[in-house]
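Let me begin by presenting the structure, written as structure tokens, before commenting on it.
Whatever order the structure lists ligands and atoms in, that order sets their numbers, starting from 1.
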Amino acid sequence: MNKNYDNQNIFAKILRSEIPCHKILENDHALAFSDINPQSPIHILIIPKKAYLNFYDFMENASIKEMEFLWKLVNDVIKLNKISKKGFRIISNSGDDGNQDVPHFHVHVLGGKNLGRMMI
Ligand code: AMP
């Protein structure tokens, strides 16, 4: 685990079932759940089950299998919500300049309306 990882962050608590989430899908290495403060009609977060700080930490330190399962779950969320044709946005905020609030790597999937040019 990255020495800067705070295991009291809210997504770590969700993964330990200490607080609830609205689960959408999961596989062996990743979990998808609804964002508590949705910015669009579809706003789902996908997180790895192991502790990674952000995209860079994940890509530097996760196994190929974890990467495969996380990005597969992102695509499964897109498929489940039938937004492949109309479109969607994938965002991963990282660090201070990225305005990352929760320090456990996560991917936002947003869709269900025209999202404008930028958001979050
Ligand atoms: P970020 O700024 O990329 O770190 O985004 C963190 C996201 O987590 C925000 O969109 C929040 O609305 C969302 N969030 C915070 N707490 C929870 C929670 N308990 N369940 C689901 N989503 C949450």
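If you take CD1 on I42 and CG on D35, they are separated by 13.0 Å, rounding to the nearest 0.5 Å. Considering CD1 of I46 and CG of L25, their distance stands at 9.0 Å, rounded to 0.5 Å.
Looking at Q39 against ligand 1, nothing comes within 4.0 Å, counting heavy atoms. Heavy atoms of C21 found under 4.0 angstrom from ligand 1: none, in either backbone or side chain.
By the 30° and 60° cut-offs, the orientation of the rings of F58 relative to Y52 is perpendicular.
Under a 4.0 angstrom heavy-atom cut-off, H106 registers as being in contact with ligand 1. Within the structure, ligand 1 lacks P103 among the residues with a heavy atom less than 4.0 angstrom away.
Taking only non-hydrogen atoms, the option from N99, I36, I14, L110 nearest to atom 21 (C) of ligand 1 is I36. Nearest-heavy-atom check against atom 2 (O) of ligand 1 across D101, N9, N37 picks out D101.
For H108 and H106, the distance between ring centers is under 6.0 angstrom.
Between H43 and ligand 1, not a single N/O pair is under 3.5 Å apart. Backbone and side-chain nitrogen or oxygen atoms of V102 are examined, and one is located within less than 3.5 angstrom of a nitrogen or oxygen of ligand 1. Not a single N or O atom of Q100, backbone or side chain, sits closer than 3.5 Å to an N or O atom of ligand 1.
Other residues, nucleotides and ligands contribute at most 12 non-hydrogen atoms within 6.0 Å of the NZ atom of K50. Around CG of N4, the count of heavy atoms belonging to other residues, nucleotides or ligands within 6.0 Å exceeds 12.
Of the possible donor and acceptor atoms, one in the side chain of Q100 sits under 3.5 Å from a partner among the backbone N and O of L53.
The side-chain contact (heavy atoms from CB on, under 4.5 Å) test applied to S92 returns F55, F105, not counting sequence neighbours.
With contacts defined as side-chain heavy-atom distances shorter than 4.5 Å, the pair V102/I47 does not qualify.
Using a 4.0 Å cut-off to heavy atoms of F33, the atoms of ligand 1 that qualify are 21 (C). Close approach to N93 involves these atoms of ligand 1, each under 4.0 Å from a residue heavy atom: 1 (P), 2 (O), 3 (O). For ligand 1 and D35, the ligand atoms under 4.0 Å from any heavy atom of the residue are 7 (C), 8 (O), 9 (C), 10 (O), 11 (C), 12 (O), 13 (C), 22 (N). Heavy-atom contacts of H108 reach the following atoms of ligand 1: 1 (P), 3 (O), 5 (O), 7 (C), 10 (O) (cutoff under 4.0 Å).
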